[in-house]
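Notes follow once the structure below has been shown.
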Amino acid sequence: MYRILKAEKLADKIYLMDVEAPRVAKRCQPGEFVIVKTDEVGERIPLTICDFDREKGIVTIVFQIVGASTLKMSLLKEGDAFQDFVGPLGQPSEFVKDDLEDVKKRKYLFVAGGVGTAPVYPQVKWMHEHGIAADVIIGAKNKDLVLLEDEMKAVAGNLYVTTDDGSYVRKGMVTDVVKDLVENQGKKYDVCVAIGPMIMMKFVCKLTKELNIPTIVSMNPIMVDGTGMCGACRLNVGGQIKFACVDGPEFDGHLINFDEAMKRQQMYKTEEGRAMLKAQEGLTHHGGCGHCGGDN
Ligand code: NAD
Ligand code: FES
């Protein structure tokens, strides 16, 4: 069992939990995710890691209530425990694997949308710990939904906050801020990392393509079981079939067809849609899962 050391409501339907998971904390890196299960019969929920403390053996997760399983999770309190807390899974962010001197030469822009701010935080923190001052944009629907602002301010080079309704700092979408920074303020970026709702990542990528800024996105939202078995997160990345939970969740955003991915995500939600995908794609699970012989 994995004890919850802190349970905090950050905003409407959004919760933060510190979980005692020393083995996960010891090995996890920015970009990776965990799978949590509230009890024996609970659904497996893949969640990107928000923070970790290797010394204390704590992993921090942030989640939004989107269905029965996350609702059940939100009812857990400090002192309760998760049945399962498996990880770290997926691939770490690209910069973690790159040569540090090369990473230091690049100017990074992080774009965090809504709950996507949680997985952006450990990446910016990693940059800060390695002496790199990254620019960060946080976008939220309104003031109450701006997450982790103080935490992000402490590790970002510059932090820009924007709200859709203008209730805090400035009015507009994250794309308005990207445009403003590059076109009006003369900022130059070598890499953009955009994490948030699919529609946000789609429009950030459309803009950064025009601005010629290579962009990484996290396809965490299309994951279901997070193990390579269900086939839900199958993606066409520049003509190659990839699975977000095994090969990602981070990919080159300019190679992703977001309209196709969002359509597939909708289809996967219904039994009829899943049957249709099976007819079109065959058994869609990941061939290298090691459990089933695989098919590709
Ligand atoms: P939201 O709908 O409040 O959007 C956040 C911000 O994204 C907005 O404030 C806006 O600035 C920007 N945005 C939205 N639509 C846009 C558009 N058309 N053009 C430009 N910018 C746009 O976000 P939310 O409700 O917190 O999002 C929840 C979603 O985030 C869920 O679907 C969840 O799956 C996803 N999520 C993604 C990740 C990931 O790893 N990519 C992680 C956690 C959550
Ligand atoms: Fe099921 Fe990736 S989430 S195969």
Side-chain angles (χ1 to χ4, degrees), residues 10-14 30-33 35 44-50 61-67 70 89-90 93 111-123 137-147 160-179 193-208 216-235 241-251 253 256 258 261-262 264-265 268 274 277 281 283-289 291-292 294:
L10 295 182
D12 185 34
K13 295 192 177 151
I14 302 171
E32 294 175 328
F33 67 94
I35 292 179
R44 303 157 61 90
I45 308 168
L47 293 169
T48 23
I49 290 162
C50 171
I61 51 171
V62 170
F63 62 94
Q64 185 175 32
I65 299 178
V66 289
T70 38
L89 297 163
S93 303
V111 180
V115 191
T117 306
V120 167
Y121 175 68
Q123 305 203 14
I137 301 169
I138 295 182
K141 286 194 185 77
N142 58 49
K143 183 177 193 288
D144 295 339
L145 293 171
V146 175
L147 305 180
Y160 307 91
V161 177
T162 187
T163 47
D164 299 4
D165 67 355
S167 56
Y168 190 51
V169 189
R170 62 173 281 169
K171 182 176 165 60
M173 302 268 179
V174 289
T175 38
D176 297 325
V177 185
V178 176
K179 237 174 148 78
V193 178
I195 306 184
M198 294 274 271
I199 192 74
M200 179 204 94
M201 297 190 287
K202 171 186 164 170
F203 283 102
V204 170
C205 286
K206 189 169 176 282
L207 176 63
T208 55
I216 305 290
V217 296
S218 170
M219 298 306 281
N220 181 277
I222 62 168
M223 290 179 352
V224 173
D225 75 342
T227 62
M229 294 296 286
C230 71
C233 70
R234 181 181 160 120
L235 269 177
I241 298 301
K242 300 279 181 191
F243 289 80
C245 65
V246 179
D247 305 309
E250 295 182 3
F251 295 101
I256 288 181
F258 285 95
M262 286 188 276
R264 200 177 182 286
Q265 188 184 25
Y268 203 87
R274 287 195 293 276
L277 288 171
E281 300 168 351
L283 291 172
T284 56
H285 66 279
H286 180 264
C289 66
H291 300 294
C292 61

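Note that ligands are numbered from 1 as they come in the structure, with each ligand's atoms numbered from 1 the same way.
No donor-acceptor pair under 3.5 Å is formed between the side chain of S167 and the backbone N or O of N142. Proximity of a side-chain donor or acceptor of Q265 to a complementary backbone N or O of P221 within less than 3.5 Å is detected. For the pair T162 (side chain) and A140 (backbone), a donor-acceptor distance under 3.5 Å is absent.
Under a 4.0 Å criterion applied to the non-hydrogen atoms of C230, ligand 2 contributes the atoms 1 (Fe), 3 (S), 4 (S). The distance from ligand 1 to the heavy atoms of Q64 drops below 4.0 Å at these ligand atoms: 25 (O), 28 (C). Within the listing of ligand 2, atoms 4 (S) sit less than 4.0 angstrom from a heavy atom of M229. Remark: ligand 2 atoms within the under-4.0 Å shell around heavy atoms of V224 are 3 (S). For ligand 1, the atoms sitting less than 4.0 Å from at least one non-hydrogen atom of G113 are 5 (C), 6 (C), numbered in the order shown with element in parentheses. In the vicinity of I195, heavy-atom distances shorter than 4.0 Å reach the ligand 1 atoms 38 (C), 39 (C), 40 (O), 41 (N). With ligand atoms numbered from 1 in the order given, ligand 1 contributes 9 (O) to contacts under 4.0 Å with heavy atoms of A140. Close approach to G231 involves these atoms of ligand 2, each under 4.0 Å from a residue heavy atom: 1 (Fe), 4 (S). Listed by number with element, the atoms of ligand 1 under 4.0 angstrom from any heavy atom of M201 are 41 (N). Residue-ligand proximity, I199 to ligand 1, at heavy-atom distances under 4.0 Å covers atoms 15 (N), 18 (N). Contact atoms of ligand 1 toward G114: 5 (C), 23 (O), 26 (O) (distance under 4.0 Å to a heavy atom of the residue).
With respect to E250, the side chain to side chain contact (heavy atoms under 4.5 Å, CB included) criterion is satisfied by exactly one of V217, T48, I195: I195. The side chain to side chain contact (heavy atoms under 4.5 Å, CB included) with C50 is formed by just one residue from the set L147, V62, T117, V120; it is V62.
Contacts between P119 and ligand 1, counted as non-hydrogen atom pairs separated by less than 4.0 Å, involve the side chain only. At a heavy-atom distance under 4.0 Å, atoms from both the backbone and the side chain of V174 approach ligand 1. Neither the backbone nor the side chain of K202 has any atom closer than 4.0 Å to an atom of ligand 1 (non-hydrogen atoms only). Under 4.0 angstrom from ligand 2, the non-hydrogen atoms of D225 come from both its backbone and its side chain.
Of the listed residues (G228, G226, P249, G248), the one carrying the non-hydrogen atom nearest atom 3 (S) of ligand 2 is G226. Of the options P221, A11, P197, G139, the smallest heavy-atom separation from atom 30 (O) of ligand 1 is shown by P197.
Going from atom CD1 of I138 over to atom OH of Y160 covers 13.0 Å, rounded to the nearest 0.5 Å. The NZ atom of K242 sits 14.0 Å away from atom CE of M219, with the distance rounded to the nearest 0.5 Å. Rounded to the nearest 0.5 Å, atoms CG (D225) and SG (C233) are 7.5 Å apart.
Checking only distances, K141 does come within under 3.5 Å of ligand 1, N or O to N or O. Checking only distances, D164 does come within under 3.5 Å of ligand 1, N or O to N or O. Below 3.5 Å of separation, one finds an N or O of S218 facing an N or O of ligand 1. At least one N/O-N/O distance between G196 and ligand 1 falls below 3.5 Å.
Annotation: side chain of K179 is in contact with side chain of L207 (closest heavy-atom distance under 4.5 Å). Inter-residue side-chain proximity for I256 and M201 is flagged as unmet; no heavy-atom pair is nearer than 4.5 Å. In this structure the side chain of M173 never reaches within 4.5 angstrom of the side chain of F203, judged on heavy atoms. You'll find the side chain of T175 stays beyond 4.5 Å of the side chain of K206, heavy atoms only.
Here the heavy atom of the protein found nearest to atom 22 (C) of ligand 1 is M173 SD, 3.3 Å. What sits closest to atom 20 (C) of ligand 1 on the protein, heavy atoms only, is T175 OG1, 3.3 Å. The protein heavy atom nearest to atom 26 (O) of ligand 1 is V115 N, 2.9 Å. Shortest contact from atom 19 (N) of ligand 1 to any protein heavy atom: F203 CB, 3.5 Å. Residue, atom and distance of the protein heavy atom nearest to atom 12 (C) of ligand 1 are M200 CG, 3.5 Å.
The shortest heavy-atom contact between M223 and P249 is SD-CB, 4.4 Å. The heavy-atom pair separating F63 from T70 by the smallest distance is CE1-O, 3.6 Å. For the pair T163 and K143, the tightest heavy-atom approach, listed with the atom from each and the gap, is CG2-N, 3.8 Å.
Look at C245 and atom 2 (Fe) of ligand 2: an N/O/S atom of the residue is under 2.8 Å from the metal.
Under the 4.0 angstrom criterion, atom 32 (O) of ligand 1 counts as lacking any protein heavy-atom contact.
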Hey, mind stepping through I241 and R234 against side-chain contact (heavy atoms from CB on, under 4.5 Å) and telling me if it holds?
CA-CA 7 Å; I241 298 301; R234 181 181 160 120; 3.9 Å; yes

